[in-house]
2 protein chains.
Amino acid sequence: MSIGFQKNLSKGTSGSLGDQVRDHLRIRILGHEWEAGGKIPGEFELAEQYGVARVTIRTALRSLETQGLIDIRHGSGAYIADFGDSVRAGLQELRSITQTIREMGHKAEMTTRSSEVRKATASEAKDLQIDEGSDVLHIERSITADGSVVVFSYDTFNIAELTPSVMKRMSKGSVFTALDSIRKHPVRARAEIHAISSKEVGWGRDRPRSGLYLHLRQVHYLRNGNPIFTGDTYFVEGKFQFIIHRTV
Amino acid sequence: MSIGFQKNLSKGTSGSLGDQVRDHLRIRILGHEWEAGGKIPGEFELAEQYGVARVTIRTALRSLETQGLIDIRHGSGAYIADFGDSVRAGLQELRSITQTIREMGHKAEMTTRSSEVRKATASEAKDLQIDEGSDVLHIERSITADGSVVVFSYDTFNIAELTPSVMKRMSKGSVFTALDSIRKHPVRARAEIHAISSKEVGWGRDRPRSGLYLHLRQVHYLRNGNPIFTGDTYFVEGKFQFIIHRTV
DNA sequence: CTGCTCTGAGTTGTACTACAACTATAGAGG
DNA sequence: CCTCTATAGTTGTAGTACAACTCAGAGCAG
């Protein structure tokens, strides 16, 4: 039985066949199609399901193994890595925060505090690989899960990579889906992680008393290696469970 | 020209050929054999260098791409991801802390504060998938880089997986190299990340004033899926630069 | 000379086949 | 009941072939 793969998913997915299969398999895994520790179908059967060659399945599985989602055992099969439900909030997967919150079963809302075009600072120019003083778009937002603030973010975009319509979109919804519409979806990010205790970060009456945050200083890159935007994201400690899967 | 691969590296490496090639290529990449953004040899040439099939090279490259070390472009080649030097401290790579410190060019020292066999708590028993009250080995250590404390760690091992000689080794050197000697090297870890401000964590006169730590709550797993040890690792904020590469 | 299109060599992506290496299970034999 | 062995099933590696894509250079039009 074929899944009718390319036709069903040609809109939402992109990249090579192997990448499409990987993304589709990830959805099936996170959707609990197989129980934790359970065995997924063999490579031959998956190849038949998707209507692709076994080598294509293998590239997808290899990627999922490196991400820690599955465990491939020679001569036996591929098994769902037993990490419990928390796998969904994997830090190393570059995904929309709001979307992640929603997939965990909570209600996510985003509020834009300010959005302005200004000149790049020295640090921003260096990260974005542009000249100091070039125009950048700076956005300050907060994200809530089930009504309580979990994230404060300060993002700065290289305006040369954007279009006016995208800039408008970003104030309303997810940054990632907005960038997706002009095929400028970042495929890679480099993040520095810090613990910080500060009263200066958040705003509003819902700002946490403790002032304790997990701070991600990020630079997002396109497939061609160019940086598209940089930002400081502050996760309110205790409100957002951060999981990371470490592999050899 | 062949690298004489299997012979040179059969001691230090393990796993499939693809894993060995991946590990060797990672060393070459981190050793700056190619400049950032530069192109590495083609798959055919690498296959010839290592004396393996192209499909084996591809599995290794695919893994390195998922880890964010390289960027593969269809019809063009594989390029070194331009992240600067900081790639060496990648959080998602499961490696010895002391070894990571040394590779960054600093002097690493480890001090064991205490090492005792006791009964597992409920939480430890759950993480290690053993019965509550089973014997576990609990070790408290601190790690310094260039003389200043960067890490306090509290680790708890499932004693059933250990041998007496390994337990002695672990008090002296790296946990990972000790476990390697009995082929119980963890291949995967699940870590929760927290920001914490506490005076209770560290000890000694070098304990940081701020009490601000990046807290990793980890469970380490063997290839067969069994947990081998769990632990709380506290990184002194500001002393250790944490980098994470996020990919789609 | 400048700028454009097109061609072609080079590279990665996918398909197919074949066999080696390994695993897990069932069954024979003690 | 236990141990060993045979065997079917699965992943790992090799080899070949071609498709899809990239990039630089040749060639042409202006």
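The model shown is predicted, which means the values in this text are computed figures rather than measured ones. Naming convention: chains lettered A, B, ... in sequence-line order (proteins, then strands); numbering from 1 in each chain.
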So, using side-chain hydrogen bond (donor to acceptor under 3.5 Å, both in side chains) as the criterion, who are the partners of [X] when residues are at least two apart?
X	value
T59(A)	none
K168(B)	none
T156(A)	E124(A), H138(A)

Subject >> Base-paired stems in DNA chain D, each at least three Watson-Crick or G-U pairs under 3.5 Å >> reply: C:1-30 with D:1-30
Taking only N/O atoms, report every protein-nucleotides 24-26 of chain D pair under 3.5 Å with atom names and distance.
none

[atom1] of [X] versus [atom2] of [N]: gap in Å, rounded?
X	N	atom1	atom2	answer
L61(A)	dT10(D)	CG	P	14 Å
I57(B)	dG12(D)	CD1	P	16 Å
D19(A)	dC21(D)	CG	P	14 Å
R54(B)	dG13(C)	CZ	P	8 Å
E48(A)	dG9(D)	CD	C1'	16 Å
L17(A)	dC16(C)	CG	P	12 Å
I72(B)	dC21(D)	CD1	P	17 Å

What residues, two or more places apart in sequence or in another chain, satisfy side chain to side chain contact (heavy atoms under 4.5 Å, CB included) together with [X]?
X	answer
A53(A)	V55(A), T56(A)
S115(A)	T112(A), L137(A), I139(A), S171(A)
I182(A)	T163(A), V166(A), K184(A)

**OP:** Using ring pair (Phe, Tyr, Trp, His ring centres under 6.0 Å) as the criterion, list what pairs up with F229(A), not counting sequence neighbours.
**Re:** F157(A), H220(A)
Original post:
Considering residues at least two apart in sequence or located in another chain, which fulfil the ring pair (Phe, Tyr, Trp, His ring centres under 6.0 Å) criterion with F44(A)?
Top reply: none
For [N], does either OP1 or OP2 sit under 4.0 Å from a side-chain N or O belonging to [X]?
X	N	answer
T56(B)	dA14(D)	yes
R58(B)	dG13(C)	yes
S16(A)	dT12(C)	no

Original post:
Along nucleotides 6-11 of chain C, 5' to 3', which nucleotides get a B, which get an S, and which get a -, given that the test is a protein heavy-atom distance under 4.0 Å?
Top reply: ----BB
Original post:
Are R190(B) and Y221(B) in a cation-pi setup, meaning NZ or CZ lies under 6.0 angstrom from the ring centre and within 45 degrees of the ring axis?
Top reply: no
Subject >> salt bridge (Lys or Arg N to Asp or Glu O under 4.0 Å) pairs, two or more places apart, involving residues 54-65 of chain A >> reply: E43(A)-R54(A), E43(A)-R58(A), R62(A)-E65(A), R62(A)-D19(B)
Subject >> Flag if over 12 foreign heavy atoms under 6.0 Å of NZ, K39(A) >> reply: yes
